[in-house]
Amino acid sequence: MNASMHTPVTLFSKLPKVGLSIFAKMSGLAQQHQALNLAQGFPDFEVSPLLIERVNQAMRAGHNQYAPMPGVMALREQIAIKTADCYGAVYDPNTEITVTAGATQAIFTAITALVREGDEVVVFNPAYDCYDPAIELAGGKTIHINLKYPHFSIDFAELKRVINRKTRMIIINSPHNPTGALISASDLKQLEKLVHNTDIIVLSDEVYEHIVFDGQSHQSVCSYPQLAERSVVVSSFGKTYHTTGWKLGYMLAPADLTAELRKVHQFNVFAVNTPMQYAMAETLKNKDEYLQLGAFYQQKRDLFVSMIAPSKFQILPAAGTYFQCLDYSAISDQRDVDFAVELVEKYGLASIPTSVFYHQDPNLRVLRFCFAKGQETLQKAAEVLNKL
């Protein structure tokens, strides 16, 4: 078809406000200007050779056809063991654990399965960009609450004010993307109290669960029985094992919720990459790999922060994830999107402007940088930032 031709049918977009994502835009600019890419959240170092060999072994063993719809049982069993070890929570591999094609698919599945036309869903901004579109496609309405700057904590007075009989779901994310903030035990106890005796479901995005710093611990919804009984917990192997391109994650939820999740899951993706599931099942048996992840990334965070200490940037707290937010108010009064573009085009360094994670621009001067990179990359990035 000629590129100038248009389809003869009238199109009505179901997501009229959605365009090219900021991640695609900034990574495209980084490639165009041969810039250092600290924008998109993926490591630039290699996956464990042992993990790759386990995938090859699974392929050679003939595990190349459809996996069971809920996931390979060996992997679900190991997820159950890990969850019990880490959080003291017991989930039945048969009826309460579902393997997904990454966390984004799990989140979409949960929202599609559980949010009805006219339901309200509370989302805390800045928020990862896959939440709102899924809510809109499900016919729900997003209620936005801004986290309190600069520690990005939950405003429980505001949350209490917006909850009503239409509230179907509250989405939380800890460790938090893009800010690196953590939800505390006190936060989850307050949330537990707020949703008690309601029909509200909690969707807890915990994909960075093992990347927590400074001796702190990840507070999982799994550890709070009265929350867990009304929650869908989502996690991802991509963040834990540096395999973001494998798109392998999972959902934990009580059996009645899981039954609804699987109704959508089976028609959304049906089954997930088989040999990778077998490889991950074997890999999960080594607890040290994920238990040491926080120390691994804390070293990178500390290195990056120490190298940019002479700069004019204000270094915001980062208690988890592999993202560091920097306030550039002392350098420029430009909007963050404009400043981020200038940083790529003039200085060869790509980041993510945080305003894109908000429903309304909060007029902050903050950029997000991914430090899941090798030392040489971080050193070069620091040299740029120190010149500004």
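Below, all heavy atoms of this structure are taken into account, side chains as well, without hydrogens, waters or symmetry copies. Keep in mind it's a predicted model, so treat the numbers as computed, not measured. In what follows, residues are counted from 1 in the order of the sequence shown.
Listed for the T109 side chain is no donor-acceptor partner under 3.5 Å among the backbone atoms of H265. For K141 (side chain) and V121 (main-chain N/O), no donor-acceptor pair under 3.5 Å exists by modelled atom type. The closest donor-acceptor contact from the side chain of R54 to the backbone of A279 lies at 3.5 Å or more, if one exists at all. A donor-acceptor distance shorter than 3.5 angstrom exists from the side chain of S174 to the backbone of I183, with no hydrogens or angles considered. Between the side chain of D214 and the backbone N or O of Q216 there is no donor-acceptor pair closer than 3.5 Å. Listed for the T274 side chain is a donor-acceptor partner under 3.5 Å among the backbone atoms of A67.
L326 has its side chain out of reach of L316: every pair of non-hydrogen atoms, C-beta onward, lies at least 4.5 Å apart. Two residues are said to be in side-chain contact when any heavy atoms from C-beta on lie closer than 4.5 Å; W246 and V272 fail this criterion.
Between the CD atom of Q324 and the NZ atom of K300 there is a distance of 14.5 Å, given to the nearest 0.5 Å. Rounding to the nearest 0.5 angstrom, the gap separating the SG atom in C130 from the CD1 atom in I171 is 8.0 Å. To the nearest 0.5 angstrom, K239 atom NZ is 8.0 Å from N177 atom CG. Within the model, atoms CG of D256 and CZ of R230 stand 11.0 Å from one another, a figure rounded to the nearest 0.5 Å. With values rounded to the nearest 0.5 angstrom, I111 atom CD1 is found 5.0 Å from I135 atom CD1.
Here Y328 and F339 bring their ring centres to under 6.0 angstrom of each other. For an aromatic pair to be called close, the ring centres must be under 6.0 Å apart, and F45 with F296 satisfies this. The six-membered or imidazole ring of Y322 lies away from that of F371, with a centre-to-centre distance of 6.0 Å or more. Taking the centre of each ring, F237 and Y250 come in below the 6.0 Å mark.
In terms of heavy-atom proximity, R168 sits nearest to V115 at CG-CA, 4.3 Å. Q40 and S27 get closest at one heavy-atom pair: OE1-OG, 2.9 Å. When all heavy atoms are compared, the tightest approach of V221 to S204 is CG2-OG, 3.5 Å.
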_Derivation of the side-chain contact (heavy atoms from CB on, under 4.5 Å) call for L284 and L75_ = CA-CA 8 Å; L284 276 181; L75 178 54; 3.9 Å; yes
*Determine, step by step, whether L388 and F313 satisfy the side-chain contact (heavy atoms from CB on, under 4.5 Å) criterion, reporting the C-alpha distance in whole Å, the side-chain angles of both residues, the deciding distance to 0.1 Å, and the verdict.*
CA-CA 9 Å; L388 297 175; F313 288 90; 3.7 Å; yes
_Under the criterion side-chain contact (heavy atoms from CB on, under 4.5 Å), I'd like the reasoning laid out for D205 against Y131: C-alpha separation, chi angles, the key distance, then a yes or no._
CA-CA 10 Å; D205 179 352; Y131 303 156; 2.6 Å; yes
*Where do L159 and L191 land on the side-chain contact (heavy atoms from CB on, under 4.5 Å) test, with the steps shown first?*
CA-CA 9 Å; L159 176 58; L191 182 60; 4.2 Å; yes
_Stepwise ring-ring contact (aromatic ring centres under 6.0 Å, His included) check, Y149 with F152_ = CA-CA 5 Å; Y149 184 83; F152 298 100; 5.5 Å; yes
*Starting from the C-alpha separation in whole Å, work towards a yes-or-no answer on ring-ring contact (aromatic ring centres under 6.0 Å, His included) for Y87 and H218.*
CA-CA 9 Å; Y87 309 119; H218 168 57; 5.8 Å; yes
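Under the 4.5 Å side-chain heavy-atom criterion for grouping Ile, Leu, Val, Met, Phe, Trp and Tyr, V344 is not connected to V366 through any hydrophobic cluster. Grouping the Ile, Leu, Val, Met, Phe, Trp and Tyr side chains by contacts below 4.5 angstrom, directly or via other members, places V202 apart from I107. Both F323 and M307 are assigned to one and the same hydrophobic cluster, defined by single-linkage of ILVMFWY side chains at heavy-atom distances under 4.5 Å.
For the 3.5 Å distance criterion, the side chains of S355 and D336 qualify, holding a donor opposite an acceptor. A side-chain donor-acceptor contact under 3.5 Å links Q219 and Y224. There is a side-chain donor-acceptor pair under 3.5 Å between R262 and T98. Side-chain polar atoms of S235 and E206 form no donor-acceptor pair below 3.5 angstrom.
With salt bridges taken as basic N to acidic carboxylate O contacts below 4.0 Å, one links D361 and R335.
V18 belongs to a hydrophobic cluster with L15, F108, L137, counting contacts under 4.5 Å between side-chain heavy atoms of Ile, Leu, Val, Met, Phe, Trp and Tyr, direct or through other members. Through direct or relayed side-chain contacts under 4.5 Å between Ile, Leu, Val, Met, Phe, Trp and Tyr, I81 connects to no other residue.
F23 and Y128 have tilted rings, their planes meeting at an angle from 30° to 60° on a 0 to 90° scale.
Pairs passing the side-chain hydrogen bond (donor to acceptor under 3.5 Å, both in side chains) check and including a residue from residues 113-127, sequence neighbours excluded, read R116-D119, E120-N164, N125-H144.
A cation-pi arrangement, defined by a distance under 6.0 Å to the six-membered ring centre and an angle within 45 degrees of its axis, is present between K82 and Y290.
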